[in-house]
Protein chains: 2
Amino acid sequence: MRNGKTTIHDIAEKLQVTASTVSRALNNNPRISDATKKRVQKAAKELNYQPNNIASALRSGRSKLIGVVVPTANRNFFSSVIRGIEEIANSLNYKVVISQSYDDYEKEMQTIEALLNVQVDGVIASIGKTTENVDHFKKVIKKGIPLVLFDRVTNELDVSQVVIDDYFGAFQATEHLIQEGCKRIVHFSNSQNINIYKERKRGYEDALLKHGIPVDPELIIFSKLQLEDGRRCMQEIIDSKIIFDAVFSSSDYSIMGAMQVLKENGYKLPQDVKLVGFGDEPFTSFTEPTLTTVNQKSIPMGNITAETFFEILNQKDQSNTLSKRTILKPELIIRNSSLNTQKK
Amino acid sequence: MRNGKTTIHDIAEKLQVTASTVSRALNNNPRISDATKKRVQKAAKELNYQPNNIASALRSGRSKLIGVVVPTANRNFFSSVIRGIEEIANSLNYKVVISQSYDDYEKEMQTIEALLNVQVDGVIASIGKTTENVDHFKKVIKKGIPLVLFDRVTNELDVSQVVIDDYFGAFQATEHLIQEGCKRIVHFSNSQNINIYKERKRGYEDALLKHGIPVDPELIIFSKLQLEDGRRCMQEIIDSKIIFDAVFSSSDYSIMGAMQVLKENGYKLPQDVKLVGFGDEPFTSFTEPTLTTVNQKSIPMGNITAETFFEILNQKDQSNTLSKRTILKPELIIRNSSLNTQKK
DNA sequence: ACAATTTGAGCAATCGATTGCATATTAAAA
DNA sequence: TTTTAATATGCAATCGATTGCTCAAATTGT
């Protein structure tokens, strides 16, 4: 107990049993009698015993750490997913190590490497935008530890995934615009290598087709979907004199840029042009007009992702790893930017 | 090497030396000859050796993990500070464990407990808004590991801190409004128990006094500074017929609320009322008009916080812990919400 | 050429908890 | 009462790396 740290040996000595017994008692091993367990727990409390997780991790091979890799925590969606993951993980006495890849392929690899280095028991990740090669994730799998992907996933890996139904979200959003009378709906999309953007575009197209509106490639604009991209694309459309009456963007950020440019060019919103974004970032309720957008159910997604993770972790012992895919329904949040009849 | 994991023993065997020698060679111990070091490094690479940090941590007592506690990562300021911390930490081969307290006292205590449990080598924290008691931080100090606070600090603890000069930021912001011709400047503040808000209020007051404008308590409104609070407070002021020509808020969120309410009440911005926020959240450049605000130098703050942390960690051995306080100058970002002459 | 140093590396204990196997005690079955 | 089977605990190795101490070889000084 020198250094103020109580170990199982101190408890063992006090109770005149062995450390093995103490360890088993604390881990609720059925081979230990209830009476002994009670005594051990009491002594542990008295001596203010704090288990040494590192020693435990070394011997047992379980660090009780989960590595979570996100492009950036500084996004409402990701930080909420993390919160959802933490809720579950903490309740099971696991800690979450958050790593940010900053959407950078190099950094993402390093970060995975670093997580494996600190010996996480598994990894939960959302793939960065610039990541084309997924070998670093294969490394995780090869190590035999669980890997679960959420939102930004890939088909190249046979792992469990939790995603939202991007197709459905985009379909709903587009249909909503159509119902508000729009016929020439611009769509902002990103590289079609990224699944979520491909799906959203598909939802957009199918909604148009369902209502007998032709898909006009001229109206579909690709970019990185940042604020600046939205500004630039919007300006180009305006300059090109293309006729349009709405914009549905795959990102709240780029629709913000579009909104700014439209206002600067004297358009009245939402009368002249209706807007719908994607992501339900907090600022979407600050804008003028407030922005209709798609909520991605981030906290439930975090919960489910963590639950999936622990299922795999626990069945790991039987080594029958089946990978499942969970799809959540997003929710269209209707605000003023898409409505003819404004609500307060 | 069973299980695919190379250990120092495998290297030792291959090279016909002992594990001690390998360990020392890898740690660049001067007692090992350069020739041996080279051989060991080569063998390590060949065998794809990955050090077992857990074993190392157990023996050496150093986990190479830093616990970072923030109210929420979902804020530009905090996520940027984290990025700044990571830059330094990663370069020194340390990993950062991010924990969110969600501004909740209970959660903050648990989170500190959990970090100590995973045996972080130290803690970097920003204190939650609802935290009045700091005993959990004392626990960190008592454990003898470094603690550095940033931004939301306390005087009750004798630890190193990195803060911005809130007084200066507020002073500048207020003076800027005065120079733009404002004389009746409303100030939104939070509980004066929280240092940063106290300092900002002081800066606001001193700027007024410097320019011969009396401080009118009627113009200083206290709230939690969320969007809704901003809306409510602004509406109250309008209803009370108090005369005012500007608002300087200690938070970008509440100034957003104020902006909305002002617009809803038919005020022309910035002609009728000029606005300045604090924090430089990303959405401040999306608003209409774009919002003047105070940038808190988050990445440098993260860098400096980490550097301070490592200074303490390294001098720890000599156990002469001196605590220093670093103060960064914030920067006023002037946008349209406070200007008579708009810029594009 | 021999003692005194310096240099390089090995030995073995250690960090704290876990766990397979052995053993003692007690209860149930024959 | 003796055998069998649970039940409860102990023993000792182990996880992988680190480190104080010891010792042999090489170098230097006289």
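These figures come from a predicted structure and were not determined experimentally.
Within the structure, a side-chain polar atom (N or O) of Ser33(A) is placed less than 4.0 Å from OP1 or OP2 of dT9(D). At dG8(C), none of the side-chain N or O atoms of Thr36(B) fall inside 4.0 Å of OP1 or OP2 (strictly under the cut-off).
The CG atom of Leu15(A) sits 15 Å away from the C1' atom of dG10(D) (whole-angstrom rounding). We find that CG of Asn29(A) is positioned 18 Å from P of dA6(D), with the value rounded to whole Å. Look at CD1 on Ile32(B): it is 8 Å from P on dG8(C), rounded to the nearest Å. The CG-P distance, from Asn28(A) to dT9(D), rounds to 13 Å in whole Å. In this entry the distance linking CD1 of Ile11(A) with P of dG16(C) reads 13 Å, nearest Å. Rounding to whole angstrom units, NZ of residue Lys37(B) and C1' of dT7(C) are separated by 12 Å. As rounded to whole Å, 9 Å separates atom C1' of dA17(C) from atom CG of Leu58(B). Regarding Leu47(A), its CG atom lies at a distance of 15 Å from the P atom of dG16(C), rounded to whole Å.
For the helix from dA1(C)-dT30(D) to dA30(C)-dT1(D), the angle separating the two terminal helix axes comes to 40°, with each axis derived from five pairs and the value rounded to 10°.
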Side chains of residues 299-308 of chain A: which donor-acceptor partners sit under 3.5 Å, not counting sequence neighbours?
from, atom 1, to, atom 2, distance (Å)
Thr305(A), OG1, Met301(A), O, 2.6
Thr308(A), OG1, Ile304(A), O, 2.7

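Partners of Thr111(A) under the side chain to side chain donor-acceptor pair (under 3.5 Å) rule, at least two apart in sequence or in another chain, do not exist in this structure. In terms of the ring pair (Phe, Tyr, Trp, His ring centres under 6.0 Å) criterion, Phe137(A) has no residue partners (sequence neighbours excluded).
Within the 4.5 Å cutoff, no side-chain heavy atoms of Val22(A) are placed close to those of Leu15(A).
The side chain of Asn52(B) approaches dG16(D) more closely than any other nucleotide in the set dA8(D), dG10(D), dG16(D).
At distances below 3.5 Å, not a single donor-acceptor pair connects side-chain atoms of Glu108(B) with backbone N or O atoms of Thr131(B). Of the possible polar contacts, none joining the Ser23(B) side chain to the Ala19(B) backbone as a donor-acceptor pair under 3.5 Å is found. Panel note: side chain Asp103(A), backbone Lys129(A); a donor-acceptor pair is recorded below 3.5 Å.
Just one of Phe150(A), Phe77(A), Tyr102(A) meets the side-chain contact (heavy atoms from CB on, under 4.5 Å) condition when paired with Val70(A); it is Phe150(A).
The ring-ring contact (aromatic ring centres under 6.0 Å, His included) pairs that include a residue from residues 103-122 of chain A are Tyr105(A)-His136(A), where partners are two or more places apart or lie in different chains.
Using a 4.0 Å heavy-atom distance criterion, Val22(A) is classed as making no nucleic acid contact.
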Protein proximity profile, nucleotides 18-25 of chain D - base contact B, sugar-phosphate-only contact S, no contact -, cut-off 4.0 Å on heavy atoms: BBBB----
